[in-house]
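The next block holds one structure in the form of structure tokens; read it before the comments.
Computed from a predicted structure; not experimentally measured. Hydrogens, waters and symmetry mates play no part in the numbers below; they use all other heavy atoms, side chains included. All residue numbers in this chain count up from 1 along the given sequence.
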Amino acid sequence: MATQNNVVQYGKAIQYTLSQIVNPVPVYASFNRNFADQPKFITWMLRNVHQPVYTGQTQSNKGIDRPVFQISIFTQQIEDGFTISNQILQSLHGYSGQLGSPSDGFFIAKADVMWLYNSYNNEENMAQIFLDCTIDVPA
């Protein structure tokens, strides 16, 4: 039976990958209202990690893990948010290969990025765009 990657490894790979894609925009692992004084920043949240799913006639011969993480893009100018979202979509959607750094990364069969919605928060005076990224990790 295949085992699932440690969630710490998922976190390190997500942080590294997003930081590489949107550099120099800061990337944080969770939202804190204190970040809202920056003109643009990204947060991510690992939302769904589950045990491997087995497929095929022999249930033990194939496995895949499908963690989902949400990417939240916050910008004072909506155009900046659209640009950053497009960078992420172009880099991650359909990607297959190493996710994360050479030392803390792992191979993914595919990444699917879906634009959930965009919004505006009057309290923070920031545009918000929310994306979901599902990664298929072969066992």
Side-chain angles (χ1 to χ4, degrees):
M1 180 170 177
T3 60
Q4 178 179 354
N5 285 335
N6 186 319
V7 293
V8 171
Q9 189 177 19
Y10 286 139
K12 287 179 179 180
I14 292 166
Q15 179 70 33
Y16 177 88
T17 301
L18 288 175
S19 295
Q20 294 297 306
I21 292 170
V22 302
N23 187 31
V25 176
V27 176
Y28 302 102
S30 62
F31 181 73
N32 179 328
R33 292 174 61 99
N34 295 329
F35 298 150
D37 64 353
Q38 295 176 304
K40 47 189 157 186
F41 61 94
I42 292 174
T43 65
W44 61 269
M45 176 178 57
L46 188 57
R47 228 185 50 234
N48 186 27
V49 176
H50 53 82
Q51 294 300 317
V53 176
Y54 294 93
T55 59
Q57 283 186 315
T58 305
Q59 295 293 300
S60 63
N61 76 345
K62 297 179 190 173
I64 198 160
D65 191 14
R66 301 193 80 212
V68 177
F69 62 96
Q70 182 173 312
I71 304 163
S72 305
I73 299 144
F74 298 89
T75 59
Q76 291 175 348
Q77 302 294 321
I78 191 68
E79 303 85 31
D80 290 342
F82 284 3
T83 299
I84 293 167
S85 297
N86 188 56
Q87 283 177 283
I88 294 169
L89 286 165
Q90 295 298 323
S91 296
L92 271 182
H93 187 67
Y95 174 76
S96 178
Q98 178 83 4
L99 186 76
S101 72
S103 61
D104 287 319
F106 51 90
F107 177 80
I108 63 170
K110 182 180 65 165
D112 281 324
V113 181
M114 181 193 314
W115 184 305
L116 298 176
Y117 60 95
N118 55 283
S119 181
Y120 189 82
N121 183 324
N122 287 329
E123 195 172 313
E124 306 294 340
N125 294 319
M126 301 212 63
Q128 304 167 344
I129 299 172
F130 300 95
L131 310 173
D132 257 0
C133 183
T134 303
I135 52 175
D136 293 328
V137 183

(message) If hydrophobic clusters are built from ILVMFWY residues whose side chains come within less than 4.5 Å, do Val68 and Ile73 share one?
(response) no
(request) Show the numbers, then the answer: is there a side chain to side chain contact (heavy atoms under 4.5 Å, CB included) between Leu99 and Tyr16? (result) CA-CA 8 Å; Leu99 186 76; Tyr16 177 88; over 6 Å; no
(request) Indicate, with yes or no, if Ile135 and Leu46 share a hydrophobic cluster defined by side-chain heavy-atom contacts under 4.5 Å among Ile, Leu, Val, Met, Phe, Trp and Tyr. (result) yes
(message) I'd like to know whether Leu18 forms a side chain to side chain contact (heavy atoms under 4.5 Å, CB included) with Ile71, so could you lay out the CA-CA distance, the side-chain angles of the two residues, the decisive distance to 0.1 Å, and finally the verdict.
(response) CA-CA 9 Å; Leu18 288 175; Ile71 304 163; 3.9 Å; yes
(message) Aromatic contact between Tyr10 and Phe69, with the criterion being ring centroids under 6.0 Å apart: yes or no?
(response) no
(request) Quick one: closest heavy-atom pair of Trp115 and Leu131, and the distance? (result) CA-CD2, 3.6 Å
(message) Any non-hydrogen side-chain atom of Ser30 less than 4.5 Å from a side-chain atom of Thr43?
(response) no
(request) Using a 4.5 Å cut-off on heavy atoms from C-beta on, say whether the side chain of Asn118 contacts that of Phe82. (result) yes
(message) For residues Tyr95 and Val113: do they belong to one hydrophobic cluster (side chain heavy atoms under 4.5 Å, members Ile, Leu, Val, Met, Phe, Trp, Tyr)?
(response) yes
(request) Test side chain to side chain contact (heavy atoms under 4.5 Å, CB included) on Gln76 and Lys40 and set out the steps. (result) CA-CA 6 Å; Gln76 291 175 348; Lys40 47 189 157 186; over 6 Å; no
(request) Return the minimal non-hydrogen interatomic distance between Trp44 and Gln15, and the atom names on each side. (result) NE1-OE1, 2.8 Å
(request) Mind checking the OG-CG spacing from Ser119 to Asn121? Nearest 0.5 Å is all I need. (result) 7.0 Å
(message) For a quick test of reading the model, state the closest non-hydrogen atom pair linking Asp104 to Gln9 and the distance between them.
(response) O-CG, 3.6 Å
(request) Using the rule that two of Ile, Leu, Val, Met, Phe, Trp, Tyr join whenever any of their side-chain heavy atoms come within less than 4.5 Å, decide whether Ile14 and Met114 are in one cluster. (result) no
(request) With rounding to the nearest 0.5 Å, note down the distance linking OG1 in Thr75 to CG in Asn125. (result) 12.0 Å
(message) Is there a side-chain contact between Asp136 and Ile108 in this structure, where contact means two heavy atoms from C-beta onward sitting under 4.5 Å apart?
(response) no
(request) Would you tell me whether Tyr28 and Gln38 have side-chain atoms, one donor and one acceptor, within less than 3.5 Å of each other? (result) yes
(request) Using atom types as modelled and distance alone, determine if a side-chain donor or acceptor of Thr17 lies under 3.5 Å from a backbone N or O of Gly100. (result) yes
(request) Please check if the side chain of Gln98 supplies one atom and the backbone of Ser101 the other of a donor-acceptor pair under 3.5 Å. (result) yes
(message) With rounding to the nearest 0.5 angstrom, report the CE to CG distance, Met126 to Asp80.
(response) 9.5 Å
(request) Return the minimal non-hydrogen interatomic distance between Val137 and Pro67, and the atom names on each side. (result) CG2-CD, 4.2 Å
(message) Can you tell me how far apart CD1 (Ile78) and OG (Ser85) are? Round to the nearest 0.5 Å.
(response) 8.0 Å
(message) Run Ile88 and Ile42 through side chain to side chain contact (heavy atoms under 4.5 Å, CB included) and show every step you take.
(response) CA-CA 11 Å; Ile88 294 169; Ile42 292 174; 4.1 Å; yes
(message) Using every non-hydrogen atom in the two residues, find where Cys133 and Leu92 come nearest and quote the distance to one decimal.
(response) SG-CD1, 4.1 Å
(message) Is it true that, when you exclude Met45 itself, more than 12 heavy atoms of the residues, nucleotides or ligands shown sit nearer than 6.0 Å to its CE?
(response) yes
(request) Indicate the ring-plane relationship of Phe41 and Phe74, choosing parallel, tilted or perpendicular according to the 30° and 60° boundaries. (result) parallel
(message) Working to the nearest 0.5 angstrom, can you tell me the gap between Asn6 CG and Lys12 NZ?
(response) 8.5 Å
(request) Give a yes or no answer on whether the side chain of His93 reaches the backbone of Asp112 with a donor-acceptor pair at less than 3.5 Å. (result) no
(request) Provide the closest heavy-atom pair for Ser96 versus Phe107 in the form atom of the first, atom of the second, distance. (result) OG-CZ, 3.9 Å
